[in-house]
Amino acid sequence: MRGKTVCDLGAGSGVVALAALMAGALHAVACDEDPAAREACLRNAARNGLSLDVSARPQPAEVILAADLLYREANRRLLRGRCLVADCRGEPGEGFRLLGHYQSSPLPDLGFEVGFREVRLWESEE
C-alpha cells in the first residue's frame with residue numbers, strides 16, 4: 001500500500017482508510033453512501049491527525065479496499081482493478097484468490113453469530 005492511492009469502499013468509520021494512510025498510502029478516500037458514516041470518517045481522521053477525503057461514490061484509486069460489502073450483489077461490480085476484500089458473508093467471485101480465513105471478535109462483543117466471526121480475505125488476481 002505504501003505510495004499508492006486507495007479507496008475504502010463502505011468505509012463506515014474510516015478505520016481501513018486511516019490504517020492505509022498509517023501504512024504509507026499516498027492518498028486515501030473513504031467512500032460510503034451514509035452521510036453519518038462520512039462524518040465519522042472525517043472525525044476519526046481529525047482525531048488521528050490525518051488528512052482523508054470522503055465521498056458518497058467510489059473514486060479512482062490504485063488499490064480498492066472493501067469489507068463486508070458482498071451482502072449486496074450490486075457491490076461486486078465496484079470491485080475492479082487491484083482489490084483486497086474482507087467478508088464473512090460471501091465471495092467476490094471470479095478473478096479473486098482466497099488469502100485466508102481469520103476469526104474476528106468486535107470489542108465490545110456485539111453478539112455476532114459464530115458464522116459472522118469468520119472473515120475471509122480475498123485478493124484480486126489482477
Carboxylate-amine/guanidinium proximity below 4.0 Å for R97 and E125
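Here R97 does not pair with E125 in a salt bridge, since their nearest N and O are not under 4.0 Å apart.
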Requested in this report: May I ask you to say whether E33 pairs ionically with R72, meaning some side-chain N is under 4.0 Å from a carboxylate O?
Outcome: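 Yes, E33 and R72 are salt-bridged.
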Start with the C-alpha distance between N75 and L70, add both sets of side-chain angles, then the distance that settles side chain to side chain contact (heavy atoms under 4.5 Å, CB included), and finish with yes or no.
CA-CA 6 Å; N75 290 341; L70 300 178; 5.7 Å; no
Could you tell me the separation between the [atom1] atom of [X] and the [atom2] atom of [Y], rounded to the nearest 0.5 Å?
| X | Y | atom1 | atom2 | result |
| --- | --- | --- | --- | --- |
| W122 | L79 | CH2 | CG | 12.0 Å |
| L52 | H27 | CG | NE2 | 8.0 Å |
| L9 | D68 | CG | CG | 12.5 Å |

Are the side chain of [X] and the backbone of [Y] linked by a donor-acceptor contact shorter than 3.5 Å?
| X | Y | answer |
| --- | --- | --- |
| D32 | R38 | no |
| D8 | A30 | no |
| R120 | L98 | no |
| T5 | A61 | no |
| D87 | A67 | no |
| R76 | G93 | no |
| S124 | G81 | yes |
| N48 | L50 | no |

Query raised in the report: If we only count heavy atoms from C-beta on, is the N44 to L18 side-chain gap below 4.5 Å?
Result: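 Yes, at least one pair of side-chain atoms sits under 4.5 Å.
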Nearest heavy-atom neighbours spanning [X] and [Y]:
| X | Y | result |
| --- | --- | --- |
| A20 | L65 | CB-CD1, 4.1 Å |
| L121 | A86 | CD1-CB, 4.1 Å |
| L69 | G10 | CD2-CA, 4.0 Å |
| C31 | C7 | CB-SG, 4.0 Å |
| L78 | P58 | CD2-CG, 3.6 Å |

Can you get from [X] to [Y] by hopping between Ile, Leu, Val, Met, Phe, Trp and Tyr side chains that sit under 4.5 Å apart?
| X | Y | answer |
| --- | --- | --- |
| V85 | Y102 | no |
| I64 | Y71 | no |
| V63 | V16 | yes |

- Item | K4 vs R82, side chain to side chain contact (heavy atoms under 4.5 Å, CB included): CA-CA, chis, key distance, verdict | CA-CA 11 Å; K4 305 281 186 189; R82 180 150 171 76; 6.0 Å; no
Item to complete: Give the C-alpha distance, both sets of side-chain angles, the deciding distance and a yes or no for side chain to side chain contact (heavy atoms under 4.5 Å, CB included) between V6 and L26.
Response: CA-CA 8 Å; V6 301; L26 183 63; over 6 Å; no
